[in-house]
Novice: 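Okay, handing you the structure first.
What's counted below: heavy atoms across the whole structure, side chains too, no hydrogens, waters or symmetry copies. A, B, ... follow the sequence lines: proteins, then strands. Residue 1 opens every chain.
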Protein chains: 2
Amino acid sequence: MRPLFHPAIEDVRPEAILHALADPSRAAIFAKIMQAGCVEACSAVSAVGDRVIPKSSLSNHFKVLREAGLIRSERHGVEVRNHSRWIEVEARFPGLLAGIINAYASDVGPDLRAAETSTSR
Amino acid sequence: MRPLFHPAIEDVRPEAILHALADPSRAAIFAKIMQAGCVEACSAVSAVGDRVIPKSSLSNHFKVLREAGLIRSERHGVEVRNHSRWIEVEARFPGLLAGIINAYASDVGPDLRAAETSTSR
DNA sequence: CCGTTAGTTCCGAAGTTCCGAACTATGGGT
DNA sequence: ACCCATAGTTCGGAACTTCGGAACTAACGG
């Protein structure tokens with residue numbers, strides 16, 4: 001098993017961050033890692049919304065987030081702990097993550113409201 | 001030729017914006033449209049940096065930006081004028097575009113200084 | 001040393017992107 | 001009215017990416 005690769009913060013590219021967070025599942029995973037005190041085992045995120053994510057896809061999502069420089073992953077025995085790199089990324093690209101996370105947060109609200117109120121569609 | 005489709009601002013999704021701007025060429029095109037007084041003919045963006053973009057790819061880039069809700073395109077005779085929808089998008093997702101554009105702007109500087117000669121992705 | 005749990009790798013199917021070539025639409029010149 | 005030039009779009013195939021099931025590896029507990 002290869003050691004987990006993490007880019008140095010100065011090698012982190014905006015397009016990689018946008019690409020990583022352009023997937024709603026990954027954005028949700030990243031948001032969850034931040035909320036949950038910046039630590040989370042991969043398997044704690046077995047589903048996003050009502051959708052179950054297969055292990056292999058999950059593994060890949062974490063890899064994309066890691067290689068984009070958004071999270072730091074450490075093996076602890078049999079499991080992997082993921083920390084958000086928010087502080088570093090914020091220092092390098094101020095306002096970027098806040099803007100993205102807020103955008104998703106303010107989008108989910110209206111969407112859920114609309115979907116729930118229009119039961120007969 | 002089909003009329004150009006523009007999503008209503010409330011139908012604009014964060015993932016579409018991130019996906020559109022996750023491509024550095026598109027981000028550069030969008031930044032240019034905003035700088036240039038919010039109006040620009042497609043062909044005025046024939047190249048990004050030192051890279052020439054084929055017409056068909058350009059057409060597709062503008063389509064992606066338009067359908068993400070980032071620009072508004074109007075046919076004026078033989079050409080198409082593109083306006084940024086910054087104000088609308090800013091109202092819906094405050095800070096999102098500023099964060100992204102700043103991230104690219106602050107990335108190009110270091111990149112040009114250090115790695116423009118040997119960057120490979 | 002075997003079983004279990006957590007994650008990774010492999011690989012084929014499905015989807016997306018890129019770009020050259022052919023096409024359409026508009027306006028100007030004669 | 002016609003043709004030509006210019007500006008964009010559409011088509012289609014090759015190259016690339018993503019998804020997910022099955023097989024694999026790694027660490028720990030009995």
Novice: So which one's nearest nucleotide on DNA chain D is more toward 5', B/K63 or A/H76?
Specialist: B/K63
Novice: Got a sec: does the CD1 of B/I9 have more than 12 other heavy atoms crowding it under 6.0 Å?
Specialist: yes
Novice: Please give, in whole Å, the distance from D/dT17 C1' to A/R26 CZ?
Specialist: 11 Å
Novice: Does D/dC19 have OP1 or OP2 sitting under 4.0 Å from an N or O in the side chain of A/S57?
Specialist: no
Novice: Among D/dT9, D/dG21, C/dT5, which is the nearest nucleotide to the side chain of A/P54?
Specialist: D/dG21
Novice: To the nearest angstrom, how far is B/K55 atom NZ from C/dT17 atom P?
Specialist: 22 Å
Novice: Does A/V80 or B/G77 map to a spot on DNA chain C nearer the 5' end, using the closest nucleotide for each?
Specialist: A/V80
Novice: Between P on C/dT16 and NE2 on B/H61, what's the gap in Å once rounded to a whole number?
Specialist: 17 Å
Novice: Could you check how far CD of B/E74 sits from P of D/dG8, rounded to whole Å?
Specialist: 13 Å
Novice: From the list C/dG7, C/dG20, C/dT5, which nucleotide is the closest neighbour of the side chain of B/S56?
Specialist: C/dG20
Novice: Rounded to whole Å, how long is the line connecting atom CZ of A/R66 with atom C1' of C/dG7?
Specialist: 10 Å
Novice: B/N60 side chain: which of C/dC18, D/dC19, C/dT8 is closest?
Specialist: C/dC18
Novice: Does a nitrogen or oxygen in the side chain of A/S59 sit under 4.0 Å from OP1 or OP2 of C/dT8?
Specialist: yes
Novice: Can you measure A/I29 atom CD1 to C/dG7 atom P for me and round it to whole angstrom units?
Specialist: 12 Å
Novice: Whole-Å distance between C/dG15 C1' and A/D23 CG?
Specialist: 14 Å
Novice: Taking A/E79 first and then A/R81, would you say they form a salt bridge - that is, a charged N and a carboxylate O separated by under 4.0 Å?
Specialist: yes
Novice: Give a yes or no on whether the backbone of B/V80 and the side-chain of B/E74 come within a donor-acceptor separation of less than 3.5 Å.
Specialist: no
Novice: Once you apply a heavy-atom cut-off of 4.0 Å, does B/H19 come out as touching a base, just sugar-phosphate, or nothing?
Specialist: sugar-phosphate
Novice: Do B/L18 and B/M34 belong to the same hydrophobic cluster, where Ile, Leu, Val, Met, Phe, Trp and Tyr are linked whenever their side-chain heavy atoms lie under 4.5 Å apart, directly or via other members?
Specialist: yes
Novice: Looking only at the side chains, is there a donor atom on one of B/R26 and B/H61 sitting less than 3.5 Å from an acceptor on the other?
Specialist: yes
Novice: Rounded to whole angstroms, how far apart are CG on B/L4 and C1' on D/dA7?
Specialist: 13 Å
Novice: Below the 4.0 Å mark, does D/dG20 have OP1 or OP2 next to a side-chain nitrogen or oxygen of A/R51?
Specialist: yes
